[in-house]
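Since the structure comes first, as structure tokens, the remarks are kept for the end.
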There are 2 protein chains.
Amino acid sequence: MRDLLYLKDDQIKDFIEQIFYAYRETYSDPKKILKKYSFGTAHHRAIHLIERHEGLTVSDLLNKLKITKQSLNRVLRDLVNNKAIVLKKGEVDSRHRQIFLNERGKKLFEEIFLEQKKRIYNAFKNSDSDSVIKFKNVLSKIINE
Amino acid sequence: MRDLLYLKDDQIKDFIEQIFYAYRETYSDPKKILKKYSFGTAHHRAIHLIERHEGLTVSDLLNKLKITKQSLNRVLRDLVNNKAIVLKKGEVDSRHRQIFLNERGKKLFEEIFLEQKKRIYNAFKNSDSDSVIKFKNVLSKIINE
DNA sequence: GTTTTTGGTCAGCTATATTGACATATCTAT
DNA sequence: ATAGATATGTCAATATAGCTGACCAAAAAC
């Protein structure tokens, strides 16, 4: 038994607390900007995923967000009405709707991201490259567990 | 300019996405157990912080959760009615209420934690000690940015 | 041509948060 | 003693984001 201190319950409890803080802070930074557009965090998460996976289908988005289609539909309707996104019929399978940001949506995303980026950027700037790589590795192990 | 790839926008966007997944997964694991007690994630977060900081005051908890006192009060009322916590007058300043888990609360916490622990434990078990330490360091820089 | 898949929608409900106003007990300072 | 500040509790109304269940239509797959 070596230094497996980080597998101790108290340490794990600390991590559970820290993950909550990290999420909350990261996603609360851009709330003022969202409010300008009458959007909330639900819209934010959708926009973020659409920007990262341009052209994804409704069910792709559903699988990433893990909410019901009724919940997502309200969010998408708001975004369409606000002219932030467009839905296009899928070329291969026209039952699918592919989701794209339009100009207004891209502008909104950039505003949100600029605000949100600061926190992560500064944290990484004060870390070395090895730390960031290892942060990423552990994070993805937590997700894919 | 060396390997500052991790400071690139696309990388940072990925991290923002990953932090969302990590939080969501970590806090959705124990939802079935919470439901047995008619509690939700709001109660879970409060119980977690009370266990980690036994005897903390209402305003301490408020500062950690960053919600309004009205919101917290509903949660605390539920926990008191369910006999999971007790509030005691502060010894030094009797305006303060100090919050403690009682037996039922401790049992509930252990059930929740056992469920939630798996994910983190397995992720760490498959990482080396250096990775976990660096994960922790970067995480706290994100929080305290 | 029947069945399955993908998506949209209506209606109602629940959980968790908000704002604003007001009440009470207790501590601190004069 | 009393005035003011602090910690907490509570009422009422509202917002946000999720849920279940039912049902419908278009398009694809068999």
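These numbers were taken from a predicted model, which means no experiment stands behind them. Proteins get letters first, then strands, A, B, ... in listed order; numbering begins at 1 in each.
The nucleotide whose nearest atom lies closest to any side-chain atom of A:D93 is, among C:dT19, D:dA27, C:dT16, D:dA27. You'll find that the side chain of B:R77 is closest to D:dT10, out of D:dT8, D:dC19, D:dT10. Of the candidates D:dA12, D:dA26, D:dG18, D:dA12 carries the atom nearest the B:Q70 side chain, counting heavy atoms from C-beta on. Considering only side-chain atoms of A:V58, the nucleotide from C:dG8, D:dA27, D:dT8 that sits closest is C:dG8. Distances from the side chain of A:R95 to the nucleotides D:dA27, C:dT18, C:dA25 place D:dA27 closest. Of the listed nucleotides (D:dA26, D:dG9, C:dT9), D:dG9 has the atom at the smallest distance from the side chain of B:L87.
Contact between the side-chain N/O atoms of A:R45 and the OP1/OP2 oxygens of D:dG18 is found at a separation under 4.0 Å. Using a 4.0 Å cut-off, some side-chain N or O of A:H43 falls inside it from OP1 or OP2 of D:dA17. Residue A:S59 has a polar side-chain atom (N or O) positioned under 4.0 Å from OP1 or OP2 of C:dG7. An OP1 or OP2 oxygen of D:dC19 is reached within less than 4.0 angstrom by a side-chain nitrogen or oxygen of A:S71. Contact check, A:S94 against D:dA26: no side-chain N or O comes under 4.0 Å of OP1 or OP2.
A pairwise comparison of heavy atoms in A:S140 and B:Q18 identifies CB-NE2, 4.0 Å as the closest pair.
Each of A:K69 and B:D78 was matched to the nucleotide of DNA chain C holding its nearest heavy atom; the match closer to the 5' end belongs to A:K69.
Heavy atoms from other residues, nucleotides or ligands lying under 6.0 Å from NZ of A:K36 number more than 12.
Rounded to an integer number of Å, the gap from B:Y27 OH to D:dG18 P is 18 Å. As rounded to whole Å, 12 Å separates atom P of D:dA17 from atom CZ of B:F20. Put simply, NZ on A:K89 is 15 Å from P on D:dA25, counting in whole angstrom units.
Comparing the start and finish of the helix from C:dG1-D:dC30 to C:dT30-D:dA1, five pairs each, the helix axis swings through 30°, to the nearest 10 degrees.
Between A:E25 and B:K66 there is a salt bridge, with a side-chain nitrogen of the basic residue lying less than 4.0 Å from a carboxylate oxygen of the acidic one.
Ring geometry, A:F15 versus B:F124: the interplanar angle exceeds 60°, so the pair is classed perpendicular (tilted spans 30 to 60°).
Tested against B:D29 for a side-chain hydrogen bond (donor to acceptor under 3.5 Å, both in side chains), the candidates B:K118, B:R119, B:Q116 yield a single pass: B:R119.
If you check every strand for non-hydrogen atoms under 4.0 Å, B:T68 touches a base.
Within 3.5 Å, no donor on the side chain of B:R97 pairs with an acceptor on the base of D:dA7, nor the reverse.
At a cut-off of 3.5 Å, with distance as the only test, a side-chain donor of A:D78 or A:H43 sits close to an acceptor on the other residue.
Atom-to-atom distance recorded for B:I47:CD1 and B:L34:CG is 7.0 Å, nearest 0.5 angstrom.
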